[in-house]
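These notes concern the structure reproduced below.
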Amino acid sequence: MTSHETLGVAVIGTGRMGADHVRRINEVISGARVAAVVDIDAARVKRLADGIEGCTAYTDPAAAMDDPGVDAVLIASPGPAHEAALLDAFARDLPVLCEKPLTPDAASALRVLETEQALGHRRVQVGFMRRYDADYRTLKSLLDQGTYGRPLMLHNKHRNPGSPPGFTNAMMVNDSLVHEIDVTRWLLEEEITAVRVLRPAPTGNAPEGLSDPQLILFETAGGQVVDTELFVNCGFGYQVSCEAVCEGGTARIGDDHGVFSNTVGHWGGAITPGFVERFEEAYDRQVQRWVNATRRGEVEGPSCWDGYAAAAACEAGVRAQTTGERVAVELIERPALYR
């Protein structure tokens with residue numbers, strides 16, 4: 001397509017994230033329209049499509065991809081459904097924005113990577129939206145410019161007010177820590193080589209069987225050490241921060257946002273209630289950048305390699321949780337397409 005044409009997007013999965021992306025494409029960003037929506041819930045997807053001009057409802061992702069109005073695919077279905085949808089998109093050579101995870105495990109992520117590699121060109125941008133957050137982008141720029149010298153350590157905090165029903169220890173890694181895994185690799189431009197997990201006495205706010213909080217340690221190929229406090233039932237709000245400790249100084253993001261006030265007997269600001277509010281602009285920027293690149297015939301942003309490397313690090317993290325030991329991250333040699 002030419003850069004002057006509107007991109008017709010099929011949104012696969014219309015749960016919380018998918019419905020938010022439908023709204024985003026319809027109301028926030030430019031250059032794209034929702035041409036199709038897909039969900040196994042036929043009634044829900046029909047209601048959604050009926051409210052969008054020129055949009056068709058489907059229950060089968062492949063059928064939506066065959067719609068002549070569809071130029072690109074946004075995958076927001078549950079992780080176990082991603083591989084099949086990605087392979088269908090590859091078969092049609094369609095560009096894809098795939099919400100994390102690329103797939104739920106390293107073996108399936110590797111299959112996706114190898115299939116894309118066989119095409120000879122990238123088709124997938126993985127939805128690690130923190131790379132599009134203004135604060136993280138500023139920190140990345142400072143590290144790339146060497147403003148504070150060589151980075152030695154990262155300190156991360158990742159706090160949620162509460163965990164959803166059924167949240168497990170493995171989900172602590174696969175659904176929450178995965179973001180710190182990606183930003184570590186991105187900020188430091190190094191692979192994570194090993195993971196350790198420390199589990200202090202759990203908070204009384206955690207559901208039965210959930211070890212919360214946890215302290216996770218990464219080692220990188222470049223010799224850096226990264227720690228993350230993961231606390232998904234902190235009870236008071238959503239907080240994400242990252243401090244880079246470098247040879248010539250430190251830089252920290254995430255301490256405060258918005259207005260800091262002083263009144264009689266009180267000082268302070270507001271704490272963000274959830275991840276959607278904290279990263280709404282990052283989601284907007286991520287989708288807009290994907291649309292812009294796709295209209296130019298390009299693919300940018302996190303790749304299938306990033307999705308595979310994150311899945312491998314998550315698997316090591318889950319093993320480290322259960323064994324209490326240092327677990328090495330196992331990766332294939334990075335293919336030329338992703339260098």
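Using a cut-off of 4.0 Å between Lys/Arg side-chain N and Asp/Glu carboxylate O, Asp20 and Arg24 are scored as salt-bridged. Between Asp66 and Arg92, at least one side-chain nitrogen of the basic residue sits less than 4.0 Å from a carboxylate oxygen of the acidic one, meeting the salt-bridge criterion. A salt bridge links Lys140 with Glu189: the distance from a Lys NZ or Arg NE/NH1/NH2 to an Asp or Glu carboxylate oxygen falls below 4.0 Å. Arg339 and Glu333 are joined by a salt bridge, as a carboxylate oxygen and a charged side-chain nitrogen come within less than 4.0 angstrom of each other. Ion pairing of Arg47 with Asp50 is absent here, as no side-chain N (NZ or NE/NH1/NH2) approaches a carboxylate O to less than 4.0 Å. Comment: Arg196 does not engage Glu325 in a salt bridge, judged by the lack of any side-chain N to carboxylate O separation of less than 4.0 angstrom.
Taking 4.5 Å as the limit, every side-chain heavy atom of Glu315 sits out of range of all side-chain heavy atoms of Glu330.
Here CZ of Arg122 is found 10.5 Å from CG of Leu113. Values are rounded to the nearest 0.5 Å.
Tracing side-chain contacts under 4.5 Å through hydrophobic residues (I, L, V, M, F, W, Y), one never reaches Tyr58 starting from Ile40; they form parts of separate clusters. Hydrophobic clustering, with ILVMFWY side chains joined whenever heavy atoms are under 4.5 angstrom apart, groups Tyr136 together with Tyr238.
Not counting sequence neighbours, the partners of Asp306 by the salt bridge (charged side-chain N to carboxylate O under 4.0 Å, His left out) test are Arg131, Arg185.
The aromatic rings of His179 and His158 are tilted relative to each other, their planes meeting at an angle between 30° and 60°.
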